[in-house]
K.L.:
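I have a structure I would like to understand better, so I am pasting it below and will then ask my questions one at a time.
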Amino acid sequence: MRSRRFKGEFVAGDNERIKLTLDLLGSGLFPIIEQEMKAVYQDDWIDRAKESFRNSPITSQPSGDAIRWDAHSTLLILWDHWNSVFRNRLTPLERSYVGELREYRNRWAHQSQIKTQDTLRILDTASRLLSAVGATDEAKQLKSERDKLLGQILQQQGKNIYDSSDHQRDRVRDAIIFLICALATIFVIINSYGTEAPAIFFAGFVGVVFAFLAYQRWVTPDRPTHGAHECTNCGKVIYGESCPYCNENNLA
């Protein structure tokens, strides 16, 4: 799996998710194209479909009679034959999905970087379009990928908040407050009960408890763990907050 460094814009697996989306669009949209084009154009539907490629690059389709039924072909035919074929089956909202996905497909084909938030949108828009045409299996798969990606985004956002300078200052402030409370409580105990053994013991116990709380707040991460999950940096499955694979690469 190819991965990219997360810098607030990308997470591991973005490119693979887009490729999967385009593959599922090709297979999921073909049945409705075949059905609706045949209903309107009968035996001439293939020839009429080929007319959509008149302004496309020569290399976009193989030579001969075959049409490569990929995302490019299916989205282009849906768009080009909308008024004559598909407007009675789909709504203007679905047409906007087609236009949006064509734009993202062209960006991906020209190797433009697509941010994670856009990848999330692509997955959602594609799943909605596939649901509308009845490709339920493909739509369900993309919804699952969308939910996984959303989980990665939320996880990374939580980590960014935890690692922020404001959050670290809050932790230091809270730890100092715990230590001040410990000193104040010890002073009150000794001042009230003297230096007898029970008072010293109680004061020491209070000091240890507050020191432990200060240490926990200062040092121990307080962000929730998520069990087994993908590292947002390298994409490998890990079981804690720190990724051992990334740490090995950093040390190498």
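The first residue in the sequence is number 1, and the count goes up from there. All heavy atoms count here, side chains included; hydrogens, waters and symmetry mates do not.
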K.L.:
Hey, does Val133 have a side-chain heavy atom less than 4.5 Å from the side chain of Leu29?
P.N.:
yes

K.L.:
Tell me if the CZ atom of Arg121 is crowded by more than 12 foreign heavy atoms within 6.0 Å.
P.N.:
no

K.L.:
Would you give me the side-chain donor-acceptor pairs under 3.5 Å for residues 18-25, sequence neighbours excluded?
P.N.:
residue: Lys19; atom: NZ; partner: Asp23; partner atom: OD2; Å: 3.3
residue: Thr21; atom: OG1; partner: Arg17; partner atom: O; Å: 2.8

K.L.:
Looking at every non-hydrogen atom in both residues, tell me the closest pair between Gly194 and Ala199 and how far apart they are.
P.N.:
O-CB, 3.5 Å

K.L.:
What's the shortest heavy-atom distance between Ala49 and Ile67, and which atoms?
P.N.:
CB-CD1, 4.0 Å

K.L.:
Enter the distance from Ile114:CD1 to Arg105:CZ here, rounded to the nearest 0.5 Å.
P.N.:
11.0 Å

K.L.:
Nearest 0.5 angstrom please: Leu78 CG to Met37 CE, how far?
P.N.:
9.5 Å

K.L.:
Do Val209 and Phe201 share a hydrophobic cluster (ILVMFWY, side-chain heavy atoms under 4.5 Å, transitive)?
P.N.:
no

K.L.:
Could you tell me the separation between the OG1 atom of Thr185 and the CD1 atom of Ile180, rounded to the nearest 0.5 Å?
P.N.:
11.5 Å

K.L.:
List the residues meeting ring-ring contact (aromatic ring centres under 6.0 Å, His included) with Phe30, not counting sequence neighbours, and say none if there are none.
P.N.:
Trp69

K.L.:
Is Leu90 reachable from Val40 through a run of I, L, V, M, F, W or Y residues, each pair having side-chain heavy atoms under 4.5 Å apart?
P.N.:
yes

K.L.:
Decide yes or no for Val188 and Val206: does some side-chain heavy atom of the first lie under 4.5 Å from some side-chain heavy atom of the second?
P.N.:
no

K.L.:
Taking C-beta and beyond as the side chain, do Lys140 and Asp137 meet within less than 4.5 Å on heavy atoms?
P.N.:
no

K.L.:
To the nearest 0.5 Å, what is the distance between CG on Leu120 and CG on Asp14?
P.N.:
9.5 Å

K.L.:
Between the main-chain N or O of Glu138 and the side-chain N or O of Gln141, is there a donor-acceptor pair closer than 3.5 Å?
P.N.:
no

K.L.:
How many angstroms lie between atom CD of Glu94 and atom CZ of Arg128, to the nearest 0.5 angstrom?
P.N.:
10.5 Å

K.L.:
Measure the spacing between OG of Ser73 and CG of Asp80 and express it to the nearest 0.5 Å.
P.N.:
12.0 Å

K.L.:
Leu129 pairs by side chain to side chain contact (heavy atoms under 4.5 Å, CB included) with which of Val98, Asp124, Leu93?
P.N.:
Val98

K.L.:
Is it true that Ile189 and Phe205 fall in one hydrophobic cluster, defined by side-chain heavy atoms closer than 4.5 Å?
P.N.:
yes

K.L.:
Kindly say whether Ala71 contributes a backbone atom to a donor-acceptor pair with the side chain of Thr74 at under 3.5 angstrom?
P.N.:
yes

K.L.:
With a 4.5 Å heavy-atom cut-off, do Glu36 and Ile32 have their side chains touching?
P.N.:
yes

K.L.:
Can you check whether Arg48 reaches Ser84 side chain to side chain, under 4.5 Å on heavy atoms?
P.N.:
no

K.L.:
Does CG belonging to Asn83 count more than 12 external heavy atoms closer than 6.0 Å?
P.N.:
yes

K.L.:
Can you list every ring pair (Phe, Tyr, Trp, His ring centres under 6.0 Å) pair that touches residues 79-131, not counting sequence neighbours?
P.N.:
Tyr41-His81

K.L.:
Linking Ile, Leu, Val, Met, Phe, Trp and Tyr through side-chain heavy atoms less than 4.5 Å apart, which residues share a cluster with Ile177?
P.N.:
none

K.L.:
Ignoring hydrogens, what is the shortest heavy-atom contact between Ser52 and Leu76? Give both atom names and the distance.
P.N.:
O-CD2, 3.3 Å

K.L.:
Are more than 12 heavy atoms from other residues, nucleotides or ligands located less than 6.0 Å from atom CZ of Arg87?
P.N.:
no

K.L.:
Less than 4.5 Å apart, any side-chain heavy atom of Glu100 and any of Glu103?
P.N.:
no

K.L.:
Under the side chain to side chain donor-acceptor pair (under 3.5 Å) test, which residues partner Arg102, sequence neighbours left out?
P.N.:
none

K.L.:
Please name all residues satisfying side chain to side chain contact (heavy atoms under 4.5 Å, CB included) with Ala39, sequence neighbours left out, ordered by chain then number.
P.N.:
none

K.L.:
Measure across Ala203 and Ile186 and return the closest heavy-atom pair with its distance rounded to 0.1 Å.
P.N.:
O-CG1, 3.5 Å

K.L.:
If you compare all heavy atoms of Ala139 against all heavy atoms of Ser127, which two are closest, and at what distance to 0.1 Å?
P.N.:
CB-O, 3.5 Å

K.L.:
After noting the C-alpha distance and the side-chain angles of Asp147 and Lys143, does the key distance pass the salt bridge (Lys or Arg N to Asp or Glu O under 4.0 Å) rule?
P.N.:
CA-CA 6 Å; Asp147 293 343; Lys143 288 177 182 177; over 6 Å; no

K.L.:
Do Ile46 and Ile77 belong together in a cluster built from hydrophobic side chains that touch within less than 4.5 Å?
P.N.:
yes

